[in-house]
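First comes the structure, then the notes that go with it.
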Amino acid sequence: MSGIPHVLAVAGSDPSGGAGVQADIKSIMACGGYGMAALTALTAQSTQGVSAVHAPPTGFLRQQLDTLASDVRIDAVKIGMLGTAAAIDTVSAWLDALPERPPVVLDPVMVATSGDRLLDPEAERALHGLIARADVVTPNLPELAALVDEPVARDWGVALRQVRGLAARHDVLVLAKGGHLDGPRCPDALVGPDGPIATFDDERIPTTSTHGTGCSLSSALATLYARERDWPWATRLARAWVRRAIEAADALDVGRPGGHGPLHHAHALWSGERPPRRSAEPDAWWEDIAALRRELDEVWFVRQLADGSLDPARFAAYLEQDALYLGAYARLLERASELAPDSAESAFWAEAARRCVTEELALHRSYLAPGGADDGSSPHAAAPSAETAAYLAHLERAAQAGDHAVLVAALLPCFWLYQDLGARLASVSREGHPYAEWLDAYGDPGFASATAEAIAWTRRAARAASDDRVARMRAAFETSCRHELAFFAQTGATTP
Ligand SMILES: Nc1ncnc2c1ncn2[C@@H]1O[C@H](COP(=O)(O)OP(=O)(O)O)[C@@H](O)[C@H]1O
Ligand SMILES: Cc1ncc(COP(=O)(O)O)c(N)n1
């Protein structure tokens, strides 16, 4: 599918705008889709609860669906409240009649957050027929319990077992949601018949504004799957988006105290972000350079550095080049600080530049001139190697273009690849290891948190950037990664 996905919500109306098709349309739009809705039921509802449900005849539901499908391309379907067994059977029959079935996300709505029933008890059995036609089912814990005919899971292990049973029974993916657990965590897991294919574990957000979380998540998931064609990534993006909409929810101030307020569906958009995209996630860039990272682990220099067998002269040759590199890198971090869009980010890159000089370069000096006076003089006499010069030229070009987002993406690998290597080498025995101090510096928790922050600022820039700009960020990131690899590899290729 190219362009804007057309996403159909088959669900009930919530006049308060927090759940049902109102939440679906808002979520679909915020996630980059064109939203449509066929109504299964009308509710009289507020943040305090549901006072009445009115269901139109199922023949009319079928007519809505047929009229729409005869005209509009449907790239994904989200199914929410159905209300009765007759509505479930109507939707199942419509799906079966389609010449080609689009991806289907089924949120098996049974009970509202307020505790009110939204599905006839006798319809629960009929739901199994529809589950078998879905690609992903997203029950909350009470709905899951009803579907597997067991008590509601109170711990996550039990929930995962129940979910796997449901996934195996219908050969579908099931998104287990931890919103109804007690405790400080809010885990979710996307589970197939063979077990979890993606797991998530985040802190619970302290708020009662959770009316419509399930509706919003499932619509976001359908939309993002239509764009990305990858369930684990669509889930990841949808969850991250929903979480931020929950975090910002209380600002909407909808409804009297004591109820459940809605999520802030427009929060990310109003903060200047584009709809969620895998391409704009640094974690996706990192995933996509997995082969390069494996190659880096195999570099002779890295292996000998890890086991301590590296010839000191070769280590010194590496440090000489690295000291040259770091001097220039610190100036480029300062440039990122100048270009940063606000003072918090500017302060981060300025501090990173300072630490680069005072900590990393100082460490190099201590190796190159052990016991020598740290008089600030250059620890190296060497000229830049071809590899060092090429890497720096790439970074300089990014800086000269004056595009903050592209520059930070280019600067990121020098944090991330070192931090990743440092964390993995943290388990190496330090007993008499000649390079222990070097290993410690990059395995240090302070360096890990600086790296996490550098990733977060880059992510913020990417999420706000146009597709073209994201492509330039990603290219700058990947090119820097290739230069990192060449940089590590160079010392093995030359005789010190
Ligand atoms: N307080 C919260 N903090 C963070 N995430 C939450 C919170 N409540 C629900 N979620 C998330 O919202 C989504 C919907 O979950 P849940 O509330 O279990 O479903 P439902 O709305 O269908 O009852 C899940 O991704 C869940 O982890
Ligand atoms: C029309 C309609 N559909 C679904 C829900 C479930 O909402 P929640 O996500 O809060 O469980 C609802 N309250 N109203």
Side-chain angles (χ1 to χ4, degrees), residues 282-312 314-326 328-330 332-333 352 355-357 359-364 366-368 385 387-388 390-392 394-395 408-456 458-459 476-494:
D283 283 348
W285 309 345
W286 181 254
E287 194 175 276
D288 293 344
I289 57 146
L292 184 144
R293 287 187 279 121
R294 276 194 300 276
E295 232 182 295
L296 194 95
D297 280 352
E298 293 307 313
V299 167
W300 168 96
F301 171 82
V302 175
R303 295 174 67 145
Q304 293 201 329
L305 183 65
D307 69 17
S309 66
L310 184 65
D311 176 351
R314 285 191 189 275
F315 188 59
Y318 160 81
L319 285 182
E320 280 181 354
Q321 289 303 315
D322 205 37
L324 276 170
Y325 170 85
L326 286 174
Y329 185 70
L332 292 160
L333 288 169
R355 283 175 64 157
C356 183
V357 174
E359 293 171 23
E360 292 185 66
L361 260 178
L363 175 68
H364 286 55
S366 74
Y367 270 108
L368 287 171
S385 66
E387 289 81 1
T388 308
Y391 191 179
L392 288 175
H394 161 64
L395 296 180
V408 298
L411 294 173
L412 188 58
C414 182
F415 280 86
W416 205 343
L417 288 169
Y418 272 81
Q419 186 275 327
D420 178 60
L421 193 62
R424 280 179 300 115
L425 296 185
S427 55
V428 167
S429 164
R430 297 292 198 269
E431 191 72 30
H433 196 296
Y435 309 117
E437 220 186 323
W438 194 93
L439 296 179
D440 287 344
Y442 293 106
D444 176 61
F447 187 60
S449 70
T451 302
E453 207 179 324
I455 295 168
T458 310
R459 182 184 297 124
F477 175 86
E478 280 182 12
T479 302
S480 290
C481 290
R482 278 198 300 280
H483 283 300
E484 286 288 344
L485 178 64
F487 194 90
F488 274 120
Q490 67 179 324
T491 333
T494 54

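Just so it is clear, the values below take in all heavy atoms, side chains as well, and ignore hydrogens, waters and symmetry mates.
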Geometric cation-pi criterion R293 and W286, 6.0 Å radius, 45° cone: yes
Aromatic plane relationship, F488 with Y318 - under 30° parallel, 30 to 60° tilted, over 60° perpendicular: parallel
Considering all heavy atoms, the nearest L395-S480 contact: CD2-OG, 3.7 Å
Side-chain touch C414/Y325, heavy atoms, less than 4.5 angstrom: yes
Side chain to side chain contact (heavy atoms under 4.5 Å, CB included) assessment of D440 paired with F447: CA-CA 10 Å; D440 287 344; F447 187 60; over 6 Å; no
Worked check of side chain to side chain contact (heavy atoms under 4.5 Å, CB included) between Y418 and L421: CA-CA 5 Å; Y418 272 81; L421 193 62; 5.6 Å; no
Any donor-acceptor N/O pair, S449 side chain to G446 backbone, under 3.5 Å: yes
Shortest non-hydrogen separation from A328 to L392 and the atoms involved: CB-CD2, 3.5 Å
Distance (rounded to the nearest 0.5 Å) between L305 CG and W438 CH2: 5.0 Å
Y442 and E360 side chains, donor-acceptor separation under 3.5 Å: yes
Heavy-atom donor-acceptor pair, E298 side chain to E295 backbone, under 3.5 Å: no
Separation between CD1 of I289 and CD of E478, rounded to the nearest 0.5 Å: 7.5 Å
Point-to-point distance, once rounded to the nearest 0.5 Å, from CG of L296 to CG of L485: 5.5 Å
Gap separating the OH atom of Y329 from the CG atom of L361, nearest 0.5 angstrom: 12.5 Å
L332 side, atom CG; L326 side, atom CG - distance, nearest 0.5 Å: 11.5 Å
Donor-acceptor contact below 3.5 Å, side chain Y435 vs main chain L310: yes
Salt bridge D297-R303, side-chain N to carboxylate O under 4.0 Å: no
Donor-acceptor contact below 3.5 Å, side chain Q321 vs main chain S385: yes
Interatomic spacing from OG in S309 to NE2 in H433 - rounded to 0.5 Å: 8.0 Å
Check: E484/Y391 side-chain N/O donor and acceptor closer than 3.5 Å: yes
Working for side chain to side chain contact (heavy atoms under 4.5 Å, CB included), residues W416 and L411: CA-CA 9 Å; W416 205 343; L411 294 173; over 6 Å; no
Test side chain to side chain contact (heavy atoms under 4.5 Å, CB included) applied to W285 and C481, step by step: CA-CA 10 Å; W285 309 345; C481 290; over 6 Å; no
Test item: H394 side-chain N/O and A410 main-chain N/O as donor-acceptor pair under 3.5 Å: no
